[in-house]
Amino acid sequence: MPYSIAIDGPAGAGKSTIAKAVAKELGYVYVDTGAMYRAVGLFCLRKELPLKDQGMVSAAIRDIDISIAYDQDGAQQVFLNGENVSKEIRTEEVGNAASLVSQYQPVRDKLVSLQQKLASETSVVMDGRDIGTKVLPHADTKIYLTASVDVRAKRRTLEYASKGISADFAEIRKDVEARDYQDMHRKNSPLVQAEDAILVDSSELTIDETIDRILELAMKK
Ligand code: DC
């Protein structure tokens with residue numbers, strides 16, 4: 001039976017960095033589910049669909065094929081109707097679009113079944129918002145990874161700066177708060193800590209300390 005580690009938490013908590021490292025350490029496959037929602041968001045933006053129109057976005061999902069593959073370094077690549085969109089999806093605009101379209105159940109149904117199929121085939125570290133609650137309710141280890149809004153906004157500002165993208169802390173902080181609200185208050189699969197998930201607050205932890213903490217929790221199982 002493949003093993004699974006579910007890591008959920010709000011935007012900017014460092015889930016992908018941490019999950020990637022944990023997967024590498026354990027020899028599991030890292031699955032970034034946010035990237036799949038981002039690909040759907042990108043499709044809708046390109047088609048200029050009104051993102052708040054549930055009917056139009058839900059109808060569009062029929063024309064969308066999302067698949068993932070891994071490059072030689074083990075990095076996840078996301079394909080939207082056969083096109084590798086792994087770089088295009090990494091913008092704030094696409095992240096916000098993903099947050100909006102991820103509210104709709106037909107979008108979730110399609111992506112959740114893809115995620116469940118992946119986890120049934122191989123051991124995974126999967127990160128997202130609903131992995132421990134909906135996608136893999138029987139995951140071997142469940143982590144709820146969070147950090148304070150200020151810390152998350154600061155990390156994101158530094159990340160943009162390191163890529164040479166100018167970013168305003170106050171604006172990013174507002175964005176982080178808005179995204180938290182949207183992800184936590186939607187009707188379908190809102191972001192909540194699963195009852196049996198272990199809370200890891202990385203506000204005061206370095207990346208390495210956070211990875212060690214999660215590895216320690218995973219090994220105890
Ligand atoms: O983790 P991320 O920023 O790449 O995710 C983008 C959006 O996708 C997030 O704001 C909400 C949605 N999402 C989701 O609803 N469920 C998941 N499992 C992962 C992401």
Side-chain angles (χ1 to χ4, degrees), residues 4-20 22-23 29-45 51-52 54 57-58 61 64 66 68 75-78 80 85-119 124-137 139 142-147 149 152-153 155-157 159-160 167 172-194 197 202:
S4 53
I5 299 179
I7 304 185
D8 290 300
K15 293 188 302 292
S16 61
T17 308
I18 305 294
K20 217 179 283 174
V22 170
V29 168
Y30 165 55
V31 183
D32 170 4
T33 63
M36 300 174 187
Y37 290 94
R38 283 171 181 262
V40 174
L42 178 66
F43 177 92
C44 296
L45 286 173
L51 301 174
K52 295 197 171 154
Q54 171 163 1
V57 173
S58 300
I61 192 77
I64 302 179
I66 306 283
I68 68 166
Q76 176 183 295
Q77 306 292 311
V78 182
L80 167 60
V85 292
S86 307
K87 288 210 174 73
E88 285 86 341
I89 58 172
R90 291 292 149 211
T91 65
E92 215 47 34
E93 188 193 15
V94 174
N96 289 329
S99 178
L100 278 171
V101 301
S102 65
Q103 312 171 59
Y104 308 133
Q105 199 56 47
V107 175
R108 304 205 69 81
D109 288 344
K110 181 155 185 159
L111 299 185
V112 167
S113 54
L114 171 61
Q115 293 153 13
Q116 288 173 332
K117 183 167 178 286
L118 286 165
V124 292
V125 178
M126 192 175 279
D127 80 7
R129 304 293 189 286
D130 60 337
I131 311 306
T133 52
K134 297 271 179 183
V135 181
L136 305 175
K142 295 185 188 179
I143 306 290
Y144 189 83
L145 181 65
T146 190
V149 173
R152 287 187 283 132
R155 285 181 189 158
R156 195 146 271 201
T157 311
E159 194 184 317
Y160 279 120
I172 291 192
R173 193 184 188 286
K174 237 190 329 181
D175 248 33
V176 167
E177 274 189 315
R179 184 97 78 84
D180 281 0
Y181 188 87
Q182 205 158 274
D183 292 347
M184 290 171 181
H185 292 86
R186 66 185 181 210
K187 188 169 118 245
N188 300 316
S189 311
L191 170 64
V192 285
Q193 182 178 343
S202 73

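A quick note: this is a predicted structure, and the numbers were derived from the prediction, not measured. Atoms within each ligand, like the ligands themselves, are counted from 1 in listed order.
- For the pair L111/V135, no side-chain contact is recorded, criterion being any heavy-atom separation below 4.5 Å from C-beta on.
- Between the side chain of Q193 and the backbone N or O of Y144 there is no donor-acceptor pair closer than 3.5 Å.
- In terms of protein heavy-atom proximity, atom 8 (O) of ligand 1 is nearest to Y37 CB, 3.5 Å.
- Under the 4.5 Å side-chain criterion, counting only non-hydrogen atoms from C-beta, K110 is not in contact with V107.
- Using a 4.0 Å cutoff on heavy atoms, Q115 does not count as a contact of ligand 1.
- The single protein non-hydrogen atom nearest to atom 4 (O) of ligand 1 is R38 NE, 2.7 Å, given as residue, atom name and distance.
- Side-chain contact check for V94 versus V85: every heavy-atom pair is 4.5 Å or farther apart.
- Close contacts between ligand 1 and S102 involve ligand atoms 11 (C), 12 (C), 15 (O) [criterion: under 4.0 Å to a heavy atom].
- Any N or O atom pair closer than 3.5 Å counts here, and R179 shares at least one such pair with ligand 1.
- Within the 4.0 Å heavy-atom shell around ligand 1 one does not find Q182.
- With a 4.0 Å cut-off on non-hydrogen atoms, R186 touches ligand 1 through its side chain and not its backbone.
- Atom 1 (O) of ligand 1 has its closest protein heavy atom at R129 NH1, 2.9 Å.
- A distance-only check finds a donor-acceptor pair linking the side chain of S86 to the backbone of V78 [under 3.5 Å].
- The backbone N or O of Q103 lies less than 3.5 Å from no partner atom in the side chain of R108, so there is not a single donor-acceptor pair.
- L114 has its side chain within reach of I66: a pair of non-hydrogen atoms, C-beta onward, lies under 4.5 Å apart.
- Residue E92 holds its CD atom at 6.0 Å from CZ of R179, rounded to the nearest 0.5 Å.
- The distance from ligand 1 to the heavy atoms of A98 drops below 4.0 Å at these ligand atoms: 6 (C), 7 (C), 8 (O).
- Within ligand 1, counting atoms from 1 as listed, the ones closer than 4.0 Å to a heavy atom of G128 are 17 (C), 18 (N), 19 (C).
- Each of R152, K15, R155 was scored for a side chain to side chain donor-acceptor pair (under 3.5 Å) with S202, with one residue passing: R155.
- Every atom of ligand 1 is numbered from 1 in the order shown, and the set under 4.0 Å from a heavy atom of T33 is 17 (C), 18 (N), 19 (C).
- Which parts of ligand 1 touch S99 is read off a 4.0 Å heavy-atom cut-off, strictly below it: atoms 7 (C), 10 (O).
- With a 4.0 Å heavy-atom cut-off, ligand 1 is reached by no atom of M36.
- The protein heavy atom nearest to atom 16 (N) of ligand 1 is R108 NH2, 3.1 Å.
- With hydrogens and angles ignored, the 3.5 Å screen pairs a side-chain donor or acceptor of D127 with a backbone N or O of S16.
- In this comparison of V135, D130, D183, the heavy atom closest to atom 18 (N) of ligand 1 sits on D130.
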